[in-house]
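So that the names make sense, note that chain A is the first sequence line, chain B the second, and so on, each numbered from 1. Since the structure is predicted, the reported quantities are computational estimates derived from the model, not experimental observations.
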2 protein chains.
Amino acid sequence: MQNSVTLRDVARAGKVSVSTASRALAGGLTSKSTETRLQRIAAELGYRPNTLARGLKTRSTRLVGLVVHNLANASFRVLAEVVQQRLRAEGYQVILCITADNPDQEAETIATLADQRVDGLIICPTGHNGEQLAALDRGGTPVTCVVRRHEAVEMETVLAADPEGAFAGTRYLLELGHRRIGLIVGRQETTSGRERLSGYRRALEEAGIRFNPTLVHAGRYEPETGLAGCRQLLDREDRPTALFVANHESSLGVLRGLAERELLVPDDISLLCYEDMPGFEWQRPALSVVDSGAHAMAELAADRLLLRLRSHAAPPAATAHEYRIGARLIRRQSCRPVVS
Amino acid sequence: MQNSVTLRDVARAGKVSVSTASRALAGGLTSKSTETRLQRIAAELGYRPNTLARGLKTRSTRLVGLVVHNLANASFRVLAEVVQQRLRAEGYQVILCITADNPDQEAETIATLADQRVDGLIICPTGHNGEQLAALDRGGTPVTCVVRRHEAVEMETVLAADPEGAFAGTRYLLELGHRRIGLIVGRQETTSGRERLSGYRRALEEAGIRFNPTLVHAGRYEPETGLAGCRQLLDREDRPTALFVANHESSLGVLRGLAERELLVPDDISLLCYEDMPGFEWQRPALSVVDSGAHAMAELAADRLLLRLRSHAAPPAATAHEYRIGARLIRRQSCRPVVS
DNA sequence: CTATGCTTCGCAAACGTTTGCGGGCGCAAG
DNA sequence: CTTGCGCCCGCAAACGTTTGCGAAGCATAG
């Protein structure tokens with residue numbers, strides 16, 4: 001702040017007007033000689049452009065907002081890392097905001113980001129501030145939803161292929177011979193919760209197995225959910241031979257629940273999780289998972305946003321598209337064929 | 001961006017000058033009547049101040065930068081969450097940047113943040129761009145270092161009490177009767193790596209046990225380090241009876257290494273980790289740890305910065321203080337007395 | 001030699017605020 | 001009724017850029 005060497009100083013040192021200085025540093029707008037000369041002077045003086053003034057004039061800060069529920073969730077973590085890295089490569093800075101899945105906090109966050117005149121927004125929406133977001137998007141600030149769809153309003157969205165992922169996971173277990181497959185899944189108010197349940201159900205039905213609601217436990221994205229679900233499912237007299245934990249926060253609780261019962265994976269019970277968390281690979285036995293592709297999602301979200309940032313021209317709401325990232329089954333060691 | 005209702009519009013609607021509008025919205029600078037009247041008008045029009053223009057004039061964006069190495073590390077995660085929450089409560093937004101512990105990337109990051117005219121900076125330094133940071137601090141943009149100390153230059157810093165933490169952990173194991181304690185620790189180039197080793201060593205020597213360098217394995221903050229160290233230490237003929245993993249990234253690798261050897265914790269070997277990671281509590285057996293107080297560190301860092309942000313007056317470099325957060329031993333189930 | 005075109009640069013306005021300064025007005029005191 | 005004092009408010013400058021417009025310089029073509 002003290003070190004405020006401004007364009008005027010550069011201009012003065014170079015004996016030109018402020019405007020030529022500006023153009024020289026922009027490049028290609030002056031003669032080659034003054035261009036290099038002024039750039040050298042600017043470097044010597046340690047000139048750094050004032051982003052505020054520039055943004056005020058050009059109506060473009062190079063900031064984009066990234067709004068997520070938390071950082072404990074592995075998907076959000078890679079989202080944050082990938083988005084930040086990708087956008088930085090294009091000269092954008094990322095403002096990270098955490099909403100704790102709280103609509104009020106989300107509303108405030110969006111407002112503040114709008115005040116900062118961010119150029120764009122990547123958000124995992126709570127589902128409550130649709131009009132606010134849509135207004136932003138209409139106003140020329142591209143908004144890309146990620147991980148969760150906003151049910152109320154049309155916006156560009158990149159999602160995981162949850163129906164297919166859950167389907168593939170369930171079918172894998174079926175192919176191994178399992179017939180009683182317990183499902184621990186997220187709340188049915190969320191897109192992912194619903195879609196993963198439906199994928200599970202479809203796989204069962206295609207295999208000619210009747211869907212049994214008492215085999216599924218839905219809850220919040222927390223370890224406690226996993227523990228509770230685990231206990232509930234294991235206390236049945238016809239204990240499932242496999243558990244599909246389609247909610248990766250709960251996985252920790254499930255692991256604990258299985259240990260409580262002294263059940264060994266995969267000998268006593270097969271275990272399939274959702275999302276590839278860093279620890280899973282190192283776990284013993286290494287956990288099989290269906291990877292929803294958080295990394296790819298993050299990349300696509302960043303790329304889509306970048307595209308719209310660059311083509312400042314047309315933000316055609318009509319084109320509001322929905323992208324799905326393919327899920328991938330990773331077979332490791334936690335599932336085994338059922339012995340008959 | 002389209003929705004650009006400016007102060008002029010408010011003034012016009014209220015039939016006053018722009019300056020009165022500004023003052024009315026600021027509050028306390030006009031008559032009570034015009035104040036409420038204009039505030040109502042502003043609300044109706046949906047006026048939102050342009051942070052860029054304001055920042056340009058007042059030389060204060062309400063932005064602070066937060067610079068960390070990554071988000072996989074649990075300390076950084078809580079740092080990000082806590083700092084962002086705390087600063088937001090005071091009206092600041094957080095720009096999150098990730099350096100991957102890479103000095104070049106760090107240099108670029110700091111420069112860009114300075115360009116954005118952030119009001120302050122919280123950073124876990126790589127240790128390489130000291131002059132840049134010091135210049136910022138001198139220039140009136142308070143910089144607070146966290147987690148790591150910057151060896152080269154004096155700055156306000158909040159650290160974990162690593163020497164004491166490692167000492168306490170080691171002594172705990174000693175009290176349980178362990179004599180051969182393997183240590184897996186971070187690189188000796190880092191503050192934490194050195195300090196944790198020295199704490200371990202001091203505890204041993206105070207107990208009258210000769211420090212044995214072959215019992216320590218130092219490596220990067222990665223699971224691979226844990227695995228390698230684990231293998232090395234377990235292959236000794238006089239296998240340690242306890243492992244102190246003073247580097248929480250490595251813990252995952254250690255767990256895997258122990259499983260490989262089919263060693264049970266705590267029956268076959270005691271295990272003490274550093275940092276309380278979310279999974280540890282759920283692990284079976286629940287892992288004992290020395291918690292370095294990442295949460296408290298984050299809070300203190302945020303508070304210190306806030307203090308200096310508010311008292312815009314004096315950034316006395318002389319006061320550059322170093323704060324230490326006490327470590328806390330959490331006894332769970334992974335350590336047991338050695339049977340003689 | 002004049003007309004024309006291109007390149008290179010300066011002038012000044014603009015972006016949306018905040019704020020020092022001074023003018024107008026009302027009200028109390030003289 | 002005048003003077004003085006305070007309270008509100010408007011004028012205008014400033015923050016550091018970018019950019020349209022026009023002027024100057026120079027070369028080339030007619």
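- Contacts of A:S22 with the nucleic acid, taken as non-hydrogen atoms under 4.0 Å apart, include base atoms.
- Among the atoms of the strands shown, none is found under 4.0 Å from any heavy atom of A:T51.
- Residues B:V16 and B:K57 both approach DNA chain D. Their nearest nucleotides, taken by heavy-atom distance, put B:V16 toward the 5′ side.
- Atom NZ of B:K15 is separated from atom P of D:dC9 by 16 Å (rounded to the nearest Å).
- Backbone-only engagement by B:T6 is indicated by non-hydrogen atom pairs under 4.0 Å involving sugar-phosphate atoms exclusively.
- As rounded to whole Å, 13 Å separates atom C1' of C:dG16 from atom CG of B:L25.
- Mapping A:R8 and B:S33 onto DNA chain D via the closest heavy atom, the residue that lands nearer the 5' end is B:S33.
- In this structure, the nucleotide among D:dT17, D:dC21, C:dT18 sitting nearest to the side chain of A:Y47 is D:dT17.
- Distance CG (B:N50) to P (C:dA14): 17 Å, rounded to an integer number of Å.
- Map A:T58 and A:S17 each onto its nearest nucleotide of DNA chain C; the residue landing nearer the 5' end is A:S17.
- Each of C:dT17, D:dG20, D:dG10 was ranked by its minimum atom distance to the side chain of B:V18; first place goes to C:dT17.
- Here C:dT17 presents its P atom at 14 Å from CG of B:L38, a figure rounded to the nearest Å.
- Put simply, CZ on A:R59 is 18 Å from P on D:dT17, counting in whole angstrom units.
- Side-chain proximity of B:S19 to D:dC9, D:dA12, D:dT17: nearest is D:dA12.
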message = Run B:D101 and B:R148 through salt bridge (Lys or Arg N to Asp or Glu O under 4.0 Å) and show every step you take.
response = CA-CA 11 Å; B:D101 205 354; B:R148 273 201 213 165; 3.1 Å; yes
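- In this structure, of C:dT19, C:dC9, D:dG16, it is D:dG16 that holds the atom nearest to the side chain of A:L56.
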request  = List the steps and the verdict of salt bridge (Lys or Arg N to Asp or Glu O under 4.0 Å) for B:D303 and B:R308.
outcome  = CA-CA 9 Å; B:D303 287 347; B:R308 296 169 66 200; over 6 Å; no
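- The minimum heavy-atom distance between A:E90 and A:L306, with the atom names listed, is CG-CD1, 3.6 Å.
- Look at B:T34 and you'll find a side-chain N or O under 4.0 angstrom from OP1 or OP2 of D:dC9.
- Rounded to an integer number of Å, the gap from A:L52 CG to C:dG16 C1' is 12 Å.
- Under the salt bridge (Lys or Arg N to Asp or Glu O under 4.0 Å) criterion, A:D104 pairs with no residue at all, not counting sequence neighbours.
- At whole-Å resolution of the value, CG in A:L29 and C1' in D:dG20 are 13 Å apart.
- Side-chain to base pairing of B:R23 with D:dG10: one donor and one acceptor N or O lie within less than 3.5 Å of each other.
- In this structure, B:L7 atom CG and D:dG10 atom P are separated by 12 Å, rounded to whole Å.
- A:R40 has a carboxylate O that lies under 4.0 Å from a charged side-chain N of A:E44, or vice versa, which qualifies the two as a salt bridge.
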